[in-house]
Every structure is written in C-alpha cells, then in structure tokens.
Amino acid sequence: MGAAALFSHAAEIERRLLVEYPDAHCELDFATPLQLLEATILSAQCTDKRVNMVTPELFKRYPSAAALADANMDELETVIRSTGFYRNKAKSLVGMAQALVDDHGGEVPRTMAELIKLPGVGRKTANVILGNAFGLNEGIVVDTHVARLATRFGFTDETDPVKVEKALLPLFPKDSWTKFSHLLIWHGRRTCDARKPRCEGCSLRDICPSADV
DNA sequence: ATCCCGAGGG
DNA sequence: CCCTCTGGAT
C-alpha cells in the first residue's frame, strides 16, 4: 500500500474505533500522577485488572514518594507480588521514588526526557504518564496491544516498540495520539486479542489486511 | 502452552 | 540483537 492509501486507511480505522469506543480511556485506577506512575510500572506483563487489585493497598501504605523511597523491600514485594516480576518492580518503584525525592522535589516530572531517566520507566510508561496524568500528546503508547494491532492493520512490520511508535506517529493527528492509543488497546482487549481474534464481530473486518487469517 | 498497557542488561 | 524477570488467567 502506498503512503496516501495508508494514510486514509489509518484515518478510517481511527474514525470507526472512535464511534465504537467513544469513552476509551486509561483503565488503570489512579488519583495522582505518582499513583499512575506506580500503577504503570506494575502493568508490565500483567493485566490492568490485576494491577488495580494491588494498588489500593500500595497507595495506602506508601502515600508519598518519600514513603515509597523508604519502603521495606520484603513488605513492598509482598504487596505487589501477584502482578509478577515483583522483585524487579519493587526495585523500580523504590528507585523511581528515590529519584523523584532527589531530583524533582518528590513530584513527577512532565517531560519525556526526565521521565525516561527514572529507574523502571521506559518510553511506553512515560507516554502513559504524559498522556493520562498531564493531558499531553507527546507520543503513542506502544504496549503489547498497540504493537499487535499496528502489525495486523499493516501499519508496520517492525516489532521493536520504539520503531512501531515512529511508524504510527505520522499516520495520526498529534492531538489524538493519547486517545488513539486507548482505542487500539480497547479494541485489542475486546475484539482483536492475541490468541483468537474475533474477526466475525469486528467493525474493521472489511478493511483489515489480517481479517480471518 | 500462551499471553498480559515492559524495562534493563549483556 | 538477545535474554531475564514472575504470577495469574485462559
């Protein structure tokens, strides 16, 4: 498919998904930027439903960056254990919190460059924070769902999430990047799942190059 | 057996 | 580029 055709194809996909999921939004529970940052770190290779089961206790025990930075490791690991990768995640949470205390007055920074310097925070997590805590459209969140659907829609052959994002950005208007991320995530979870996509009920069936394969 | 809103290290 | 980290759900 040529560049012009790919662009209109992208616009049509976005239009249809917006009709289907007008309320698509971040499904991680949070009340502050710090809470969203913690929840997003926990979301690696874990369902957001599972993350939402442990964060109430996490937020209650460690109500600030300073409290989280001083957390007892064994206690913290116990609280987040069911989300998987719990040793790495505990280290990331404490290291991230300590960096906030040391370099940002205990607050979550608002730029990509500062966010990805935080331990355990990569480009995907940074895009979640910028888009959903601060309302900024700095990029597209490329998680497992967005990467999978981008491939199935024929937008890219890349698998590296940074390259997938680079391929997606020029296809969609900047002011919709955060919303578009949620549209793909919602569609990925509800219809275009990894193991057995439900093409028979998909609103994009007639324009999807991967339909019924 | 495979996947879930990844990141760090080699 | 690869590998490792981990429990829970299907």
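Chain naming here is simple, since letters A, B, ... match the order of the sequence lines and numbering starts at 1 in each.
Under 3.5 Å, the side chains of A/H187 and A/Y21 contain a donor-acceptor pair of N or O atoms.
Of the listed nucleotides (B/dC5, B/dG6, C/dG7), B/dC5 has the atom at the smallest distance from the side chain of A/D48. Of the listed nucleotides (B/dC5, C/dA9, C/dT6), C/dA9 has the atom at the smallest distance from the side chain of A/R50. Of the candidates B/dC5, B/dA7, C/dC5, B/dA7 carries the atom nearest the A/T125 side chain, counting heavy atoms from C-beta on. Minimum atom distance to the side chain of A/A194 is reached by B/dC4, of the listed C/dC5, B/dA7, B/dC4.
Annotation: B/dA7 and C/dA9 have their C1' atoms spaced 23 Å apart (nearest Å). Between C/dC3 and B/dC5, the distance separating the two C1' atoms is 22 Å to the nearest Å. If you take atom C1' in B/dG9 and the same atom in C/dG7, they sit 22 Å apart, rounded to whole Å. Atom C1' of B/dG8 sits at a distance of 23 Å from the matching atom of C/dG8, rounded to the whole Å. Comparing the C1' positions of C/dC1 and B/dC4 gives a spacing of 24 Å, expressed to the nearest Å.
Salt bridge status for A/E27 with A/R189: present, with a side-chain N to carboxylate O gap under 4.0 Å. The existence of a salt bridge linking A/E114 and A/K117 is excluded, since no basic side-chain nitrogen approaches an acidic carboxylate oxygen closer than 4.0 Å. A salt bridge links A/E75 to A/R61: at least one charged side-chain nitrogen sits closer than 4.0 Å to a carboxylate oxygen.
Between the CD atom of A/Q35 and the P atom of B/dC5 there is a distance of 20 Å, rounded to whole Å. For the pair A/L42 CG and C/dG7 P, the computed distance is 15 Å after rounding to whole Å. The distance from atom CG of A/D160 to atom C1' of C/dC3 is 15 Å, rounded to the nearest whole Å. One atom, CE of A/M112, and another, P of B/dA7, lie 10 Å apart when rounded to the nearest Å.
Residue-to-nucleotide proximity on DNA chain B shows that, of A/T47 and A/G120, the 5′-proximal contact is made by A/T47. Annotation: of the two residues near DNA chain B, A/S92 and A/E27, the 5′-most nearest-nucleotide partner is A/E27. Ranked by how close their nearest DNA chain C nucleotide is to the 5' end, A/K163 and A/G84 are led by A/K163.
A donor-acceptor contact under 3.5 angstrom links the side-chain atoms of A/R195 to the base of C/dT10.
At a threshold of 4.0 angstrom between heavy atoms, the contacts of A/P119 are confined to the sugar-phosphate backbone, with no base atom among them. Residue-level contact check: A/F85 touches the bases, meaning some heavy atom is under 4.0 Å from a base atom. A/V142 comes within 4.0 angstrom of nothing in the nucleic acid, heavy atoms only.
The side chain of A/R87 contributes an N or O atom lying less than 4.0 Å from OP1 or OP2 of C/dT6.
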A/C202/A/R16 under side-chain contact (heavy atoms from CB on, under 4.5 Å): CA gap, chis, key distance, verdict: CA-CA 11 Å; A/C202 181; A/R16 292 195 196 181; over 6 Å; no

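Once rounded to the nearest 0.5 Å, the distance linking CG of A/L184 with CH2 of A/W186 reads 13.5 Å.
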